[in-house]
Amino acid sequence: MPQSKPLPQRMNELIQARDVIVFDGECVLCSGFFKFMLKHDSARRFDFVLAQSSVGQSLYEALDLPTDEFETNLVIVDCQVHQRLDAFAAAMHTLRWPWKALSVCRFLPGFVKDPLYHLIARNRYAIFGRYDTCIMPGPDIRARFVSGGWS
């Protein structure tokens, strides 16, 4: 069953009750997910936050997650925080078909999806690569970042 938890009120105020994807801007895989969502989120439902930004750091701290190793993207939908594969599923669920079909991964049992996710997350830099610095999108894309979620 999918796992999510409510976003703490002070964090909800920080992101202004928006649906948000928090991602590691140095990770090629995570940045690829960001680019995928930019392309396929035709409703422009999501705004974005770099994990390395002050807002990203605050979100990770509020959720008792490490603020130096970002082994999970966060997807916040309707003030609910989703982590790991459930985060991916929550994001896919908001898209049109055929991408919506990928949201079924949220129904995988935890003993299958959690070890699989952690295996990829721990090795993502070795498998997919790492940018020396966070990606630098143009002003039109930066406008989709939560205030303070870029730097």
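Predicted model, so just to flag it, every value in this text is computed and none were measured.
- Side-chain contact between Ile120 and Leu29: present, with at least one pair of heavy atoms (C-beta onward) separated by less than 4.5 Å.
- Put simply, the side chain of Arg144 gets close to the backbone of Phe46: a donor and an acceptor are under 3.5 Å apart.
- Here the closest non-hydrogen pair linking Cys30 and Phe23 is O-CD1, 4.0 Å.
- The main-chain N or O of Ser54 is found under 3.5 Å from a side-chain atom of Ser58 such that the two form a donor-acceptor pair.
- Leu65 is connected to Phe70 through a chain of hydrophobic side-chain contacts under 4.5 Å among Ile, Leu, Val, Met, Phe, Trp and Tyr, so both are in one cluster.
- Both Leu116 and Phe128 sit in one connected hydrophobic cluster of ILVMFWY residues. Membership requires side-chain heavy atoms under 4.5 Å apart, directly or through other members.
- Side-chain atoms of Tyr117 and Arg122, non-hydrogen and from C-beta on, never get closer than 4.5 Å to each other.
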Next item on the list: Please test Asn73 against Phe34 for side chain to side chain contact (heavy atoms under 4.5 Å, CB included), starting from the C-alpha separation and ending with a verdict.
Entry: CA-CA 10 Å; Asn73 287 337; Phe34 158 71; over 6 Å; no

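- The distance from atom CZ of Arg45 to atom OG1 of Thr94, rounded to the nearest 0.5 Å, is 5.5 Å.
- Residues Val77 and Leu102 share a single hydrophobic cluster, defined by chaining ILVMFWY side chains whose heavy atoms lie under 4.5 Å apart.
- The CD1 atom of Ile76 sits 4.0 Å away from the CD1 atom of Ile15 when rounded to the nearest 0.5 Å.
- Between atom CH2 of residue Trp99 and atom NE2 of residue His40 there is a gap of 5.0 Å, rounded to the nearest 0.5 Å.
- Contact check for Asp78 versus Asp19: side-chain heavy atoms found under the 4.5 Å cut-off.
- With hydrogens and angles disregarded, a donor-acceptor distance shorter than 3.5 Å links the side chain of Gln52 to the backbone of Gly25.
- In this structure, OG in Ser31 is found 11.0 Å from CZ in Arg130, a value given to the nearest 0.5 Å.
- If you run side chain to side chain contact (heavy atoms under 4.5 Å, CB included) between Val75 and each of Asp86, Val81, Ile21, only Ile21 comes through.
- With hydrogens and angles ignored, the 3.5 Å screen pairs a side-chain donor or acceptor of Asp24 with a backbone N or O of Glu26.
- Under the 4.5 Å side-chain heavy-atom criterion for Ile, Leu, Val, Met, Phe, Trp and Tyr, Ile127 and Leu119 are members of distinct hydrophobic clusters.
- Hydrophobic clustering (side-chain heavy atoms under 4.5 Å, transitive across Ile, Leu, Val, Met, Phe, Trp, Tyr) keeps Val104 apart from Leu95.
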Margin query: As a quick check of understanding, evaluate side chain to side chain contact (heavy atoms under 4.5 Å, CB included) for Met11 and Glu61, giving each step before the final call.
Written below: CA-CA 10 Å; Met11 293 296 103; Glu61 281 177 12; over 6 Å; no

Next item on the list: Please lay out, stage by stage, how Val22 and Leu50 fare under the test side chain to side chain contact (heavy atoms under 4.5 Å, CB included).
Entry: CA-CA 6 Å; Val22 185; Leu50 284 171; over 6 Å; no

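- Between Pro115 and Gly110, the shortest heavy-atom contact is CD-O, 3.4 Å.
- Atoms CG and CD, on Asn123 and Glu71 in that order, are 9.0 Å from each other to the nearest 0.5 Å.
- Using modelled atom types, one side-chain atom of Lys113 and one backbone atom of Arg106 make a donor-acceptor pair closer than 3.5 Å.
- Ring geometry for Phe48 versus Phe145: interplanar angle of 30 to 60°, hence tilted.
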Margin query: salt bridge (charged side-chain N to carboxylate O under 4.0 Å, His left out) for Asp41 and Arg96? Distances and angles first, verdict last.
Written below: CA-CA 8 Å; Asp41 179 22; Arg96 294 182 174 164; over 6 Å; no

Item checked: Leu74 vs Tyr60, side chain to side chain contact (heavy atoms under 4.5 Å, CB included): CA-CA, chis, key distance, verdict -> CA-CA 9 Å; Leu74 303 174; Tyr60 278 86; 4.0 Å; yes

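- Using a distance-only test at 3.5 Å, with no hydrogens or angles considered, a donor-acceptor pair links the side chain of Gln57 to the main chain of Thr67.
- Residues Cys27 and Tyr131 come closest through the heavy atom pair O-CE1, 4.2 Å.
- Taking OG of Ser103 as the start and CG of Leu85 as the end, the distance is 11.0 Å to the nearest 0.5 Å.
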